[in-house]
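For reference, the structure is listed below as structure tokens.
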2 protein chains.
Amino acid sequence: MDDRAKRIRTNRPGGKADTVKVDLTAVVVALSDNEPCVLTIGQTDTLPSGPLALEHRSLQSGLRAWVEEQTGHPLGYIEQLYTFADRDRAGTELEQRVISISYLALTRKEHAAAPSRSCWQSWYDYFPWEDHRAGTPPMVSDVLRPRLIEWADGADDGATRLERRRRAAIAFGFDERPWNEDLALKRYELLYEAALVEEAMRGSVLPPPVRGKSMVADHRRILATGIARLRSKIKYRPVVFELMPPAFTLLQLQRTVEALAGRLIHKSNFRRLIEQHELVEETGDTATETGGRPAKLYRFRHAVLEEGEVAGAKLPLARG
Amino acid sequence: MDDRAKRIRTNRPGGKADTVKVDLTAVVVALSDNEPCVLTIGQTDTLPSGPLALEHRSLQSGLRAWVEEQTGHPLGYIEQLYTFADRDRAGTELEQRVISISYLALTRKEHAAAPSRSCWQSWYDYFPWEDHRAGTPPMVSDVLRPRLIEWADGADDGATRLERRRRAAIAFGFDERPWNEDLALKRYELLYEAALVEEAMRGSVLPPPVRGKSMVADHRRILATGIARLRSKIKYRPVVFELMPPAFTLLQLQRTVEALAGRLIHKSNFRRLIEQHELVEETGDTATETGGRPAKLYRFRHAVLEEGEVAGAKLPLARG
DNA sequence: TGCGCTTATATTCTCATTGAGTATAATCGG
DNA sequence: CCGATTATACTCAATGAGAATATAAGCGCA
């Protein structure tokens with residue numbers, strides 16, 4: 001049966017089995033002082049990445065090897081993000097197709113031995129419109145909204161104009177709509193489509209119309225994919241703990257989630273939820289850091305990882 | 001900046017940029033008479049698939065081309081599933097690595113013009129333990145449980161034995177644990193690890209210990225990935241409607257979701273939820289099919305797709 | 001016609017979860 | 001010992017989920 005099927009799948013006209021190069025790209029996330037950071041190579045706004053080679057046993061091991069070689073940082077938790085294969089990806093080289101398999105990795109900065117050529121960058125440097133912890137950033141209504149409306153009104157027919165306005169309103173929470181932090185990727189893609197980010201106007205002499213650092217090739221899009229994935233995942237799986245030190249206070253945990261989500265959380269409800277699901281257990285020690293009453297230290301209960309898909313561990317993200 | 005980064009990413013020792021072949025594989029799902037079906041090629045237990053070729057503009061278009069050529073079935077909604085690159089995937093051919101990019105597609109059987117070489121197979125033929133609509137299938141406690149316990153007890157040290165037992169109990173809902181339909185992939189991987197499915201014992205002369213048709217290469221694993229993705233996705237995004245005819249009754253809709261989830265739904269709660277979220281609107285007609293009071297016909301409100309990520313559209317799947 | 005069968009639709013009643021606000025406890029620096 | 005600061009505990013209303021029951025509208029057939 002195996003053989004018959006193989007024949008069927010390969011002996012077909014038009015099936016020139018062209019070869020491609022595979023690029024492995026990593027979005028490595030860690031927290032630094034309540035800022036969500038991504039690992040880049042030096043100051044180049046480039047994510048760690050490299051070609052898949054024969055010596056790599058698997059995609060994951062290839063990725064780990066590249067990240068470790070380029071940044072000196074060993075990886076723990078990783079998860080596949082997406083496989084991109086835009087033909088116009090690397091610009092002009094059309095003779096050889098390159099597909100890019102991206103991964104999300106969660107670690108802690110301390111795990112890095114030497115700073116070496118690596119560099120931690122707050123991801124809000126690349127997406128300043130994504131941080132709503134201190135309220136909606138002024139640029140959303142001052143810059144993005146008018147530019148997006150301008151873009152929408154530039155459409156040929158009225159249906160498209162309405163459609164564009166609606167998409168922008170949903171993605172960015174215009175017109176009394178709620179802000180949805182999970183839509184980070186859609187927002188970036190919308191700005192790209194509206195040619196408001198630098199990547200969409202490569203080759204142009206005009207300055208990028210919207211503030212926010214750009215990245216090499218499609219790396220900012222990959223980063224946006226990672227952010228969106230992480231933001232939605234922390235709501236139903238206890239992955240935040242990959243970013244936490246062995247012992248932490250509940251407030252530290254809350255600040256971490258807030259940093260990732262880019263919005264504030266209701267304190268008591270957050271604590272109630274964490275305790276309800278028995279995600280943590282007390283270490284017995286207390287933290288005496290800042291002024292005020294000392295906080296109990298907790299550690300993650302690794303057992304919960306084996307207790308199934310932690311149903312309904314929804315994090316109570318506060319509303320507007 | 002683009003150029004500098006490109007140099008950094010490619011001029012590195014050990015970076016032999018080996019080329020690979022890319023295989024595109026589709027899990028095409030449709031409903032037939034309240035059975036969730038997957039599109040296969042003839043009777044070969046093979047998913048539609050083919051190599052990515054230069055003439056394909058993108059991964060998606062390549063996939064569409066292959067599926068249409070092999071089955072005559074045009075695709076509507078598709079979504080990327082996962083990229084596999086097991087070195088031992090295709091068996092023995094180690095000189096050329098093959099990675100497999102898989103997609104999930106949702107359609108309706110009627111869309112196919114001619115039956116041609118395609119064939120719709122109930123996915124429960126491949127995963128008989130996944131259908132809990134008529135209660136937990138006997139094979140779960142009669143076959144799977146003893147075999148998995150046997151496998152667990154075959155481990156060297158006690159810790160691994162406990163760990164295996166726990167994993168099995170979580171995945172299959174042993175020991176009073178609830179059944180979680182979303183874990184379809186974990187269940188298959190567990191059975192594979194325990195060498196209880198045919199794919200895990202290729203080359204052996206022994207018969208497969210667990211009932212359920214196998215598929216070519218790793219296609220059953222890809223199918224399991226698709227099932228798991230679809231089962232979890234119907235809970236927060238209105239993708240079911242891709243599988244529905246233009247007009248349908250609420251009961252038909254419920255039966256469809258039940259078929260996908262492999263478990264029953266509480267009727268009134270289901271209707272309440274659908275109406276609450278305004279996912280559908282009445283067509284004005286009624287269905288006079290079976291005996292009993294005629295049911296109102298509804299159509300999907302496509303507007304909701306543009307109303308953001310349909311927050312909390314959780315489907316009320318009934319408990320034990 | 002009307003009775004029973006079947007399916008559709010509406011209503012009600014808990015109980016758990018969620019969002020939000022308020023109160024009390026413990027430490028520190030003066 | 002006071003007030004600033006942070007931690008932890010408790011309360012309350014609104015909402016949503018699960019489950020059960022009631023009523024409506026067709027059909028077939030005596």
Side-chain angles (χ1 to χ4, degrees), chain A residues 34 132 178-181 234-236 247-258 261 263-299 310-320, chain B residues 34 132 178-181 234-236 247-258 261 263-299 310-320:
Chain A
N34 286 339
H132 287 230
W179 173 258
N180 184 345
E181 67 278 1
I234 51 174
K235 282 166 200 145
Y236 63 96
F248 48 84
T249 70
L250 290 183
L251 186 59
Q252 284 174 324
L253 183 62
Q254 180 181 343
R255 294 276 176 259
T256 301
V257 174
E258 288 174 338
R263 69 188 317 181
L264 298 182
I265 292 176
H266 191 286
K267 191 165 177 172
S268 355
N269 295 344
F270 178 77
R271 305 174 119 264
R272 175 174 61 190
L273 185 122
I274 298 292
E275 283 158 3
Q276 243 173 19
H277 291 275
E278 297 177 302
L279 295 176
V280 297
E281 60 193 2
E282 301 184 11
T283 66
D285 300 321
T286 54
T288 55
E289 303 158 38
T290 58
R293 173 175 171 177
K296 287 184 194 160
L297 282 172
Y298 294 85
R299 75 171 71 89
V310 188
K314 280 205 165 182
L315 290 170
L317 294 165
R319 287 184 181 162
Chain B
N34 285 340
H132 287 230
W179 173 260
N180 184 345
E181 68 277 2
I234 50 174
K235 282 166 201 144
Y236 61 94
F248 49 85
T249 71
L250 291 183
L251 186 60
Q252 284 174 323
L253 183 61
Q254 180 181 346
R255 293 279 175 258
T256 302
V257 174
E258 288 174 337
R263 70 189 316 182
L264 298 181
I265 293 177
H266 193 287
K267 191 164 173 172
S268 356
N269 296 345
F270 178 78
R271 306 173 117 264
R272 174 175 60 191
L273 187 121
I274 298 292
E275 283 159 2
Q276 243 173 21
H277 290 276
E278 297 179 301
L279 295 176
V280 298
E281 61 193 3
E282 301 184 12
T283 66
D285 299 321
T286 56
T288 55
E289 303 159 39
T290 60
R293 172 175 173 177
K296 288 184 194 161
L297 282 171
Y298 294 84
R299 74 171 72 90
V310 188
K314 280 205 165 180
L315 290 169
L317 294 165
R319 288 183 182 166

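All values derive from a computational prediction rather than experimental measurement.
Residue contacts for B/Leu250: at a heavy-atom cut-off of 4.0 Å it reaches no nucleic acid atom on any strand shown.
Separating the CZ atom of A/Phe248 from the C1' atom of D/dT6 is a distance of 18 Å, rounded to the nearest angstrom. Following rounding to the nearest Å, A/His266 (NE2) and C/dA20 (P) show an atom-to-atom distance of 7 Å. Atom CD of A/Gln252 and atom P of D/dT6 are 13 Å apart (whole Å). One atom, CG of B/Leu264, and another, C1' of D/dA20, lie 17 Å apart when rounded to the nearest Å. In this structure, CG of B/Leu297 is placed 14 Å from C1' of C/dT7, rounded to the nearest angstrom. Atoms CG (A/Leu273) and P (C/dA20) sit 15 Å apart, rounded to a whole Å. The separation between B/Lys235 atom NZ and D/dG16 atom P is 20 Å, rounded to whole Å. Following rounding to the nearest Å, A/Arg293 (CZ) and C/dA23 (C1') show an atom-to-atom distance of 12 Å.
Taking 4.5 Å as the limit, some side-chain heavy atom of A/Glu275 sits within range of a side-chain heavy atom of A/Tyr298. For the pair B/Phe248/B/Val280, a side-chain contact is recorded, criterion being any heavy-atom separation below 4.5 Å from C-beta on. Contact check for A/Glu181 versus A/Lys235: side-chain heavy atoms found under the 4.5 Å cut-off. Side-chain contact between B/Leu250 and B/Gln254: absent, with no pair of heavy atoms (C-beta onward) separated by less than 4.5 Å.
Between C/dT9 and B/Lys296, no contact under 4.0 Å exists linking OP1 or OP2 to a side-chain N or O. Residue B/Arg271 places at least one side-chain N or O closer than 4.0 Å to OP1 or OP2 of C/dT9.
Among the nucleotides C/dT18, C/dA20, D/dA25, the one closest to the side chain of A/Asn269 is C/dA20. Considering only the side chain of A/Arg272, D/dT11 comes nearest among D/dT11, C/dA26, D/dT8. For A/Lys267, counting side-chain heavy atoms from C-beta on, the closest listed nucleotide (C/dT7, C/dT18, D/dA7) is D/dA7.
A donor-acceptor contact under 3.5 angstrom links the side-chain atoms of A/Ser268 to the base of C/dG21.
The two atoms that bring B/Thr283 and B/Ala247 nearest to each other are CG2-CB, 4.2 Å, heavy atoms only.
Between A/Gln276 and A/Pro294, it is A/Gln276 whose nearest contact on DNA chain C lies nearer the 5' terminus.
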